[in-house]
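Accompanying notes for the structure given below.
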Protein chains: 2
Amino acid sequence: MTTKGARTQTRNKEETQRRISEAAAAEFSHLGYSGATLDRISERAGCSKALVIRYFGTKQDLYRTVLNTKYAELSQRETFHALSEAETVSELLRGILSDLFAFNREHPAFARLVSWENLNGAEHLDPATAKAARGPGWARLRSILEDAQEKGMVRGDVDVGRIVYVLQALTVVYFSNRHTMKILTGIPFESPETMSSFVGFYSQLLARGIATDEGKCA
Amino acid sequence: MTTKGARTQTRNKEETQRRISEAAAAEFSHLGYSGATLDRISERAGCSKALVIRYFGTKQDLYRTVLNTKYAELSQRETFHALSEAETVSELLRGILSDLFAFNREHPAFARLVSWENLNGAEHLDPATAKAARGPGWARLRSILEDAQEKGMVRGDVDVGRIVYVLQALTVVYFSNRHTMKILTGIPFESPETMSSFVGFYSQLLARGIATDEGKCA
DNA sequence: GTCATAAGTAACCGAACGGTTACTTGTCAG
DNA sequence: CTGACAAGTAACCGTTCGGTTACTTATGAC
């Protein structure tokens, strides 16, 4: 009998690789590239350090794998794809912002990895993988936005890049700069209500901010 | 004759301490706490490692000194204090945002240190020092904002913390997440025009977003 | 001059790092 | 049963880390 499809008792390559990958993600997210150690990763994974290197190459190789895997997770979630059905600008803004917040809440490691990565110039991030993480909601946003501009409801100086930027900024800072930001503003980021009220407040603010006088007062 | 006020030829405590402090700021900003090494810092400063430890204590002590010194620099700049004379909401928003961007452009090390610090829980940042970095522009913002709300020009759900948050978010992400954000949005952050157009666009967007219909259309 | 003192350094320590090598052992086709 | 191969490990290597110790040397008051 072959091993194929069966769960071997003590020795299992795929399962071990999965455990290593998981342990590495936790370690890199927590301590960054230079702070993480292969000794701790192998300890977390419950195997020897030599095995980690055998399966994933050098520390840098392992880091690259972890980072791009996390980005790929973002692009595969279902709620993201549901956004392609949105009808109005404000509805879509709220949907995207809400989804960005939800993803970051469910994957606390993600924002941390992005921060670490920016601090060393994003040289380990595969551009194609990162672009895929935008999801179909953004293509939808572009078409709806341009449509609203033609009808004179949205101001002409608004473009998709700037909207995406502010949505990302609001989200990223919430999760990766909460410590200094709490000292600065006093906002209780750990409170669940803060997050939902943030989404509502800022999506409305953005919708009003990009609208023409006609689009808003008429 | 005493050393007081004179520039000694080869041995000079204050000057050496200044060089060490400068070298440490560059090193910590570039590589973070765990990535930085005392050997490199002493090499940059042109002195021995033992002297670094003698003057600043442990690596952690040195890091704390560097971090809080940078924050103190923010609170001492002149343009920040000029904001206390602003008259209108939109004028003040533009002033604060413009100044935040200017400071970060002039002090690239600052945003990096803030990112590193958030990644290890902001445990080395002195809260009093951080709060002082808000400057008088924010107290002015509160009073002008509340005044405008009483007159019915600004919506009631707007508060200073949320405005400060979005201003900081727009700025912080511009400087500390530019690498991943460029891949994501295609925005050319390195271009000088991008920054000034950002300040104009978002301060206008915010001003319109927080205004009541009356405050905007009337 | 000279001498106490402070500025500054070379050499070293144990620990921890990333990575390699030589080895053991579970598993399965025949 | 058995042997070959893959899964997995213990022990080690050279290097670098933060930090200490014992030492040199420039400086200024007397």
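Chain letters run A, B, ... following the sequence lines, proteins first and then strands; every chain starts at 1. Below, all heavy atoms of this structure are taken into account, side chains as well, without hydrogens, waters or symmetry copies.
- Of the candidate nucleotides D:dA10, C:dG8, D:dG8, C:dG8 has the atom lying nearest to any side-chain atom of B:T16.
- Straight-line distance from the CD1 atom of A:I20 to the C1' atom of D:dG8: 10 Å, rounded to whole Å.
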Exercise for the section: Go through A:L51 and A:S42 one step at a time and tell me if the side-chain contact (heavy atoms from CB on, under 4.5 Å) criterion holds. Expected result: CA-CA 8 Å; A:L51 203 57; A:S42 61; over 6 Å; no
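- When the nearest nucleotides of DNA chain C are assigned to A:A50 and A:Y33 by heavy-atom distance, the more 5′-ward of the two goes with A:Y33.
- Whole-Å rounding puts the B:R11 CZ to C:dA7 P distance at 9 Å.
- In this structure, A:R77 is not positioned above the aromatic face of A:F103 in the sense of NZ or CZ being under 6.0 Å from the six-membered ring centre and within 45° of the axis.
- A donor-acceptor contact closer than 3.5 angstrom is absent between the side chains of A:Y63 and A:E27.
- One interatomic measurement links the two molecules: CZ of A:R19 to P of D:dA7, which rounds to 14 Å at whole-angstrom precision.
- A side-chain contact (heavy atoms from CB on, under 4.5 Å) with B:S203 is found for exactly one of B:R208, B:E91, B:R94, namely B:R94.
- One can find a donor-acceptor pair under 3.5 Å joining the base of D:dG19 and the side-chain atoms of B:K49.
- Side-chain proximity of B:K59 to D:dT9, D:dG18, C:dC17: nearest is D:dG18.
- The nearest whole Å value for the distance from the CG atom in B:L51 to the C1' atom in D:dG18 is 16 Å.
- In this entry the distance linking CG of B:D39 with C1' of D:dT16 reads 8 Å, nearest Å.
- Using a 4.0 Å heavy-atom cutoff across all strands shown, A:A36 reaches sugar-phosphate atoms only and no base atom.
- The CD1 atom of A:I53 sits 13 Å away from the P atom of D:dT9 (whole-angstrom rounding).
- In this structure, B:L38 places its CG atom 16 Å from P of D:dT16, rounding to the nearest Å.
- The side chain of B:S48 contributes no N or O atom lying less than 4.0 Å from OP1 or OP2 of C:dG8.
- Candidate nucleotides D:dC17, D:dG19, C:dT9 were compared by shortest atom distance to the side chain of B:T58, and D:dG19 ranks first.
- At whole-Å resolution of the value, CD in B:E43 and P in C:dA10 are 12 Å apart.
- In this structure, A:Y33 and A:F28 have parallel ring planes: the angle between them is below the 30° cut-off, well short of the 60° mark.
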